[in-house]
K.L.:
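Input: one structure, supplied below.
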Amino acid sequence: MTVQFKPQLGLSGLESPLSELESQVQENAHRFAKDVLRPAGAKLDRLTPEEVVAPGSALWEVLEKSHDLGLSLTAMAEMDPVERVRILAIASEELAWGDAGLAGAILVNHFPVMYSMLAGNMAMADFCDGKRGCWAITEPDHGSDMLDASGSLQATEGQYGRPNCIARIEGDKVVISGQKSAWVSGAMTAEVCALFCHAEVDGQTRPGVAVIVSLDAPGVSRGKPLDKMGMRCLNQGELYFDNVEVPIENLLAGPDSYQELAYKMLSEANPHVALMFVGLARAAYEQALEYAHERKQGGVPIIRHQHVQYRLFHMFRKVEAARALVRRVMEFNATTDVPALQGSTAAKVTATQTAFEVANDALQMFGGNGMTREYPMEKLLRDARSGLIADGCNEVLAIKGGSMLVDTERL
């Protein structure tokens, strides 16, 4: 008689025992992901961008119901740092398991609060808390290079060129003019914006200014929602600023402190985006695992074929490795004086590359069925492909992370 030793794994795989609070958060987030996000995501994916953000769309219901998850950053501010990031990581993975685009739409609502807290401006964090938010940094002529406030990536003979959005500090107000590109996540639904742009100082532009902008302020307008291949549930669009004036109290960082906040911002944002794609990768793996037990070829379920088992094993290990790295980075950054940007970029690059590889392998396992809209795989692959570019393309992030490895004292 053959004895099988097979441990029972929880929702997030090789997870250490969860606390009572963590278990509750995971169960609530998983239920919300299954009952609300998955059906809404499948429906929204087939709509036009205009229909996605139109009144009565399922997107608005999702954003409203997400408040019931109780994941307020200000409410969690007094928690132990490791406990806080574990809860956020557990919840974010479950939401993205449901639908990565809608998880992203929920996540960006918290960015104005997150960046206000990083800047130490709790008045702005309280002001933004509970409001739908977005984060605007990319410009029509400047993409991932906007994440390089220190200029460490610029070629020796390279020129940055004129920014598309500029802010001036004039006494007790900040005046903003210009445009942010169509990649502003949440632009169509947001009430407040965490704006990162260049500053004009003595007629010259330099990095930069970070400021909270109410999107109902005079001079603010929005472009059309962006029509994309993947992450179609995450609305994105242009923001325009025509001499928009905001109180100086909304300022998170000026030219002298911008580089420090930009470093903290990227160190914080990259792991949160990574979590979205850990959840997506897990969803793709689980879909493939279930299908392998149901689909028959050669008279047996395809899970009986060795190469299918081989492929599934590598999908499993990649998901576990990506989750472990992202969690490790988040806990390190939460407990150190200076976050490790090289770790944050490693987490984002690893998780997004994992999601793409796992979704691609999962679709291959579905064969022709994977190419049809009857099954979820083609959507998962489209969504996963977006991750290689979102929140800084992986190539630029790798160069940025690599620049952090240079020790000038050894040169």
Side-chain angles (χ1 to χ4, degrees), residues 73 77 81 84-85 88 107-108 110-122 124-125 133 135-139 142-155 158 160 163 165 167 169 180 185 193-199 201 205-212 250-275 325-326 328-352 390-409:
L73 296 180
R84 181 176 66 249
V85 297
L88 290 172
L107 171 65
V108 297
H110 297 286
F111 275 1
V113 176
M114 184 186 300
Y115 298 152
S116 296
M117 293 175 68
L118 287 177
N121 190 332
M122 290 306 298
M124 278 296 98
W135 168 40
I137 186 167
T138 308
E139 299 178 357
H142 302 285
S144 300
D145 56 324
M146 286 294 293
L147 299 172
D148 184 38
S150 66
S152 61
L153 305 186
Q154 186 169 301
Y160 179 85
C165 187
I169 299 175
K180 285 297 181 179
S185 297
C193 172
L195 175 69
F196 285 69
C197 66
H198 272 60
V201 181
T205 59
R206 54 175 285 201
V209 161
V211 63
I212 297 296
N250 290 31
L251 190 69
L252 304 184
D256 293 336
S257 57
Y258 180 83
Q259 186 172 329
E260 179 182 0
L261 180 60
Y263 179 94
K264 291 180 179 178
M265 170 269 293
L266 187 57
S267 297
E268 185 76 15
N270 267 187
H272 283 278
V273 172
L275 288 169
L325 176 59
V326 177
R328 182 177 175 89
V329 168
M330 292 185 73
E331 292 187 19
F332 179 88
N333 285 350
T335 54
T336 187
D337 293 333
V338 180
L341 180 56
Q342 65 270 44
S344 296
T345 56
K348 190 270 178 178
V349 171
T350 299
T352 54
D391 203 44
C393 70
N394 285 3
E395 293 82 1
V396 168
L397 291 178
I399 297 172
K400 183 69 175 177
S403 72
M404 300 297 300
L405 305 180
V406 178
D407 184 350
T408 55
E409 294 184 359

K.L.:
For a 4.5 angstrom cut-off between non-hydrogen side-chain atoms, does L275 reach L88?
P.N.:
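L275 vs L88: side chains apart.
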
K.L.:
Under the side chain to side chain contact (heavy atoms under 4.5 Å, CB included) test, which residues partner H142, sequence neighbours left out?
P.N.:
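Residues passing side chain to side chain contact (heavy atoms under 4.5 Å, CB included) with H142: E139, D145, M146, Y160, N164.
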
K.L.:
What is the minimum heavy-atom distance between L251 and I169, and which atoms define it?
P.N.:
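So the minimum-distance heavy-atom pair works out to CD2-CD1, 4.1 Å.
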
K.L.:
Taking only residues two or more places apart in sequence, or in another chain, which ones meet E260 in a side-chain hydrogen bond (donor to acceptor under 3.5 Å, both in side chains)?
P.N.:
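Partners of E260 under the side-chain hydrogen bond (donor to acceptor under 3.5 Å, both in side chains) test: K264.
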
K.L.:
How close do A136 and C193 get, heavy atom to heavy atom, and via which atoms?
P.N.:
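So the minimum-distance heavy-atom pair works out to CB-SG, 3.6 Å.
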
K.L.:
If you define the side chain from C-beta out and look only at heavy atoms, does anything of K348 sit under 4.5 Å from N394?
P.N.:
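SC-SC contact between K348 and N394 confirmed.
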
K.L.:
Could you tell me the separation between the CZ atom of F111 and the CG atom of L118, rounded to the nearest 0.5 Å?
P.N.:
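Going from the CZ atom of F111 to the CG atom of L118 covers 10.5 Å.
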
K.L.:
Show the nearest heavy-atom pair for residues P112 and V108, with the distance to one decimal.
P.N.:
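Looking at all heavy atoms of both residues, the closest pair is CD-O, 3.5 Å.
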
K.L.:
If you look at every heavy atom in A334 and V85, which pair is closest and at what distance?
P.N.:
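Heavy atoms of A334 and V85 come nearest at CB-CG1, 3.8 Å.
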
K.L.:
So, K180 side chain and I137 main chain: donor-acceptor pair closer than 3.5 Å or not?
P.N.:
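Checked: pair present.
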
K.L.:
With a 4.5 Å heavy-atom cut-off, do P339 and Y263 have their side chains touching?
P.N.:
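The answer is yes; the side chains approach within 4.5 Å.
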
K.L.:
Who pairs with T345 by side-chain hydrogen bond (donor to acceptor under 3.5 Å, both in side chains), at least two apart in sequence or on another chain?
P.N.:
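Here no residue qualifies.
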
K.L.:
Mind checking side-chain hydrogen bond (donor to acceptor under 3.5 Å, both in side chains) for E268 and listing every partner two or more places apart, or none if nothing turns up?
P.N.:
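With neighbours one apart ignored, the set is H272.
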
K.L.:
Please identify each residue that fulfils side-chain hydrogen bond (donor to acceptor under 3.5 Å, both in side chains) with D407, with sequence neighbours left out.
P.N.:
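side-chain hydrogen bond (donor to acceptor under 3.5 Å, both in side chains) check on D407 returns R410.
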
K.L.:
Nearest 0.5 Å, please: how far is CG in L397 from CD in Q342?
P.N.:
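If I round to the nearest 0.5 Å, the distance is 13.0 Å.
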
K.L.:
Who passes side chain to side chain contact (heavy atoms under 4.5 Å, CB included) against A119, sequence neighbours left out?
P.N.:
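Residues passing side chain to side chain contact (heavy atoms under 4.5 Å, CB included) with A119: L252, L261.
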
K.L.:
Which heavy atom in L266 sits nearest to a heavy atom in P271, and how many Å separate them?
P.N.:
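Scanning both residues completely, I find the closest heavy atoms to be O-CD, 4.3 Å.
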
K.L.:
Ignoring hydrogens and geometry, is there a side-chain-to-backbone donor-acceptor pair from T336 to N333 under 3.5 Å?
P.N.:
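Pair absent, no side-chain N/O of T336 close to backbone of N333.
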
K.L.:
Please check this pair: side chain of T350 against backbone of A347, looking for a donor-acceptor N/O pair closer than 3.5 Å.
P.N.:
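Pair absent, no side-chain N/O of T350 close to backbone of A347.
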
K.L.:
Closer than 3.5 angstrom, by distance alone: can the side chain of N250 be matched with the main-chain N or O of I212 as a donor-acceptor pair?
P.N.:
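Checked: pair present.
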
K.L.:
Hey, does E331 have a side-chain heavy atom less than 4.5 Å from the side chain of T335?
P.N.:
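No, every pair of side-chain atoms sits at 4.5 Å or beyond.
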
K.L.:
Would you check, one step at a time, whether the test side chain to side chain contact (heavy atoms under 4.5 Å, CB included) holds for M114 with W135?
P.N.:
CA-CA 10 Å; M114 184 186 300; W135 168 40; over 6 Å; no

K.L.:
Within a strict 4.5 Å, meaning less than it, do heavy atoms of the H198 and C165 side chains meet?
P.N.:
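They are not in side-chain contact.
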
K.L.:
For the atom pair CE (M404) and OG (S344), what is the distance rounded to the nearest 0.5 Å?
P.N.:
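Answer rounded to 0.5 Å: 9.5 Å.
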
K.L.:
Closest heavy-atom contact between A210 and Y258?
P.N.:
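Smallest interatomic distance, heavy atoms only, reads N-CD1, 4.0 Å.
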
K.L.:
Measure from the side-chain N and O atoms of R206 to the backbone N and O of P255, and report whether any donor-acceptor pair falls under 3.5 Å.
P.N.:
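Present.
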
K.L.:
Is there a donor-acceptor contact under 3.5 Å from the side chain of K400 to the main chain of G392?
P.N.:
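Side chain of K400 to backbone of G392, a donor-acceptor pair under 3.5 Å: no, none is there.
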
